[in-house]
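Remember, predicted model here, so these are calculated numbers, not experimental data. Along the sequence shown, residues are numbered consecutively beginning with 1. Atoms within each ligand, like the ligands themselves, are counted from 1 in listed order.
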Amino acid sequence: MMENCIGCLIPLQNVAGFFSTTEELSNNTFLCNSCGVKAHDVLNIMNIPHTGLLQKYSSFQVQELLAKGILFEKFHYQLVEKYYILLSQNSAIKKLFNAFWDDESIVHASNAGYNNNFGILLATDRRLMFMGADAKINLPEIIDYNEIISIDLIESMNEIKVATSENTFSFSDVLSEPEKCLAKIERQIDFIKDKKPTEAHPIQNNNEPSLFDILERLGGFRQNGLITDEEFTGQKKKILERL
Ligand SMILES: [Zn+2]
């Protein structure tokens, strides 16, 4: 009988005729070796206790785990490759990932200090988080942008100071582009505040027409005899040069 792995869909019987499945799942489906390892890794990252066997999980649950694993790889890659977070902070990266929502996105990340801990300052599109690299802090500190009253950069110390109505937070030694970090957080705060339906902001309608709109209007003017063919051609040439 030929079975396919529910993770990667490869047939579980290889050419030599060995049945290579390692895991039988709760709904009589199977998982290959490498997908089994991946699913276990995700259980470890998410701190879900497990016996080493996935037999109590259904194929749907395992597929969810594998999808979560892909999100983690992307998250990890962004932090390490794009924002130069040190690999020694892997445990902090995992804890931040567990606090990170699936539909959230990273806007900035940097190694930084907080309350005498060295760790990662992560700015998402909605929240600011800090996780220490050592075990002194068990959970990430999380500040919702909605709660922020003020945010400042003390440039001489690369320190980002955040105030909420309840607390003040000082993130020191922000290593990677603190100005950029601040600007990105400020932009997200503005964006969130603008989106709030309770605050009556006039809709900022960008009335500046595109060059194509202008061309179209010029065409209309020519058709209606408001401008000559020559004028139209001259204007069109100018516009095309600006594109
Ligand atoms: Zn597989």
- Task: For the pair Phe75 and Phe100, name the ring-plane relationship: parallel under 30°, tilted 30 to 60°, perpendicular over 60°.
- Result: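 Answer is tilted, since the angle falls between 30° and 60°.
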
- Item | Parallel, tilted or perpendicular: ring planes of Phe171 versus Phe169, cut at 30 and 60 degrees |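 Parallel: the ring planes of Phe171 and Phe169 meet at under 30°.
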
- Does Leu86 sit in a hydrophobic cluster with other residues, and if so which ones, taking ILVMFWY side chains as linked at heavy-atom separations under 4.5 Å, directly or through other members?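 Grouped by the 4.5 Å side-chain rule, Phe118, Leu175 form the rest of the cluster around Leu86.
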
- Query: OG1/Thr164 to CG/Leu128 distance, rounded to the nearest 0.5 angstrom?
  - Reply: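 These two atoms lie 11.5 Å from each other.
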
- Is the shortest side-chain N to carboxylate O distance from Glu186 to Lys184 below 4.0 Å?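 A salt bridge is absent here (no side-chain N lies under 4.0 Å from a carboxylate O).
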
- Task: For a side chain to side chain contact (heavy atoms under 4.5 Å, CB included) with Cys32, tell me which candidate from Val37, Leu12, Asn4, Ile6 qualifies.
- Result: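 That would be Leu12.
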
- Quick one: how many protein N/O/S atoms are under 2.8 Å away from the Zn ion (ligand 1)?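 Excluding waters, the total comes to 4.
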
